[in-house]
There are 2 protein chains.
Amino acid sequence: MGILERKEREKQMRRDTIVRAAEGVFFEKGLRAATLEEVADKAEVSKGTIYLYFASKEDIYCALITRGLRLLLETFRETKPEEVGPAGALKRLGSAYLEFSRRQSYLFRMLSAAENPSVTENVSPAIFSELEDASNNVLGYVATFVQKGIDSGTFRSDVTAHEAVVLFWVSLSGILNLRQRSSTFKGTRALKADSIFASVDFDSLYSKCQAYLLDLLVSRKTGSAEWRSPARKPKGAVKQARVVRKR
Amino acid sequence: MGILERKEREKQMRRDTIVRAAEGVFFEKGLRAATLEEVADKAEVSKGTIYLYFASKEDIYCALITRGLRLLLETFRETKPEEVGPAGALKRLGSAYLEFSRRQSYLFRMLSAAENPSVTENVSPAIFSELEDASNNVLGYVATFVQKGIDSGTFRSDVTAHEAVVLFWVSLSGILNLRQRSSTFKGTRALKADSIFASVDFDSLYSKCQAYLLDLLVSRKTGSAEWRSPARKPKGAVKQARVVRKR
DNA sequence: TCCAGCCACTGACCCGCAGTCAGTGAATGT
DNA sequence: ACATTCACTGACTGCGGGTCAGTGGCTGGA
């Protein structure tokens, strides 16, 4: 019965339309200031229709975050981390994360917001489950490379892959968060001169932290010199040709 | 003119009453679900009175966060970190932070929420400035001990105290956040079994992380993890048997 | 002691928006 | 041709953040 399938497809498309409209509005106004009326206008449907697809404003927001996580995973995959060794893979992922937070700054901000339980505590189970899956997929993807390193003896084995990933994640995310925050403030509020945040170069700290975390993982016996950072470069240098050491 | 002073005192007390009432309500319900009506009831004033002391709901929330940061600073001071050396001081502070996040879990969650710019972007300048000061005081307090370590040669000097504090802060806060989140979920939502978060012992990770970060700071004769400067510099004392990079 | 002015305080009210639901009509099935 | 389904609509409701004209008690002066 092709009709049912067509209807299913149409339903999915309508849902996508709403999500994309919501993306625009939420990005521009933020969760609080955005109104569903506006989303409805932009999606060219009535407000009631939105509630046929989502149970609440928070649900839509959550769906956007899920979308963002999937995009992030896609971005990670595009760096082809499997082409290089575990340490190199983490290096690429770290750089991709930085790049992601720059290019998709609104999306990145939303992902950070999702850390806060208050955003996600009232969403419907189905939506939450998708978010959880997406989040696990991203972290799990990173974890595979850590695991590879552990298995191959490149990384120390007294730390589980999951622990390492969590540590990577919170450290790098935290720095990117502050980076974004302080650069936002430069535009809107005058950051006090004696602020700690005003005195830290977050880009530099990010790359330092990345390097440190890698060193932490790399077991001392094997050469830890492998993935010395090619240093912070003008933007656009992320995907520059690099020397890949193959054994 | 004692009357003016008395009035000033009374005003401050009224404000405190409101803040304390708000604390109860916000802790119980969260920012979104809490209503000012309820705060007013609890504080035994009318809703209008609240607006004589605070410009918006967000302002009150922000004031609570500021209170929380001051309490955290107080907690830090009570551990007497100056009694021991820099490394010992950081250990005490780290443990105190963990303890704080346990005892004052609602407060801690609010502090984490404050990381998100959307919470603080619309508060009035005066309130925001107080928050900024409180935040700087806490981080600055920690920084003094890092600085002591650097000055005395106990800590490496190729990292600024502020950088180190920021790294400490985001890493430990991030772990505590996830710790709290995962333990909260255990109560309300069933965390998926294959979730990364379900497989990590955050308490253990916290202490490991604390130890790693300290190790990072403590300078060593033989090259340990080296913070690479963002400026390209010749790789000096890399350890043994490293692989020579081609070209 | 009385009065005028001040001001902290009140709570009824306004308004915007999340969320609802009875109604509509087009597509589908018989 | 008719019945049924169902995606969709948009006027409506309730709630809660924020407002403001009004009130009464304190104060300082006469």
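In what follows, every chain begins at residue 1, and chains take the letters A, B, ... in the order their sequences are listed. Any value given below was found using the heavy atoms of this structure, including those in side chains, with hydrogens, waters and symmetry copies removed.
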Let me know the distance between CZ of Phe54(B) and P of dA8(C), rounded to the nearest Å. 15 Å
Glu38(A) CD - dC17(C) P separation (whole Å): 9 Å
Hey, is the main chain of Phe202(B) close enough, under 3.5 Å, to the side chain of Arg179(B) for a donor-acceptor pair? no
Glu10(A) CD to dA26(C) P, in whole Å, measures 16 Å
Please report the distance, rounded to the nearest Å, between NZ in Lys7(B) and C1' in dT27(D). 7 Å
d(CZ, Arg9(B); P, dC26(D)) in whole Å: 16 Å
So Tyr141(A) and Phe145(A), would you call those rings parallel, tilted or perpendicular, with 30° and 60° as cut-offs? perpendicular
Can you tell me which residue pairs pass the ring pair (Phe, Tyr, Trp, His ring centres under 6.0 Å) test with a partner in residues 36-82 of chain A, sequence neighbours excluded? Phe26(A)-Tyr61(A)
If the sugar-phosphate is the primed atoms plus P, OP1 and OP2 and the base is the rest, what is the B/S/- string for nucleotides 8-20 of chain D, using protein heavy atoms under 4.0 Å? BBB-----SBBB-
Indicate whether the side chain of Tyr212(A) and that of Ser171(A) have a donor and an acceptor atom separated by less than 3.5 Å. no
Taking Asn122(B) for the side chain and Glu58(B) for the main chain, is one N or O donor matched with an acceptor at less than 3.5 Å? no
Keeping to residues at least two apart or across chains, list the salt bridge (charged side-chain N to carboxylate O under 4.0 Å, His left out) pairs with something in residues 9-20 of chain A. Arg6(A)-Glu10(A)
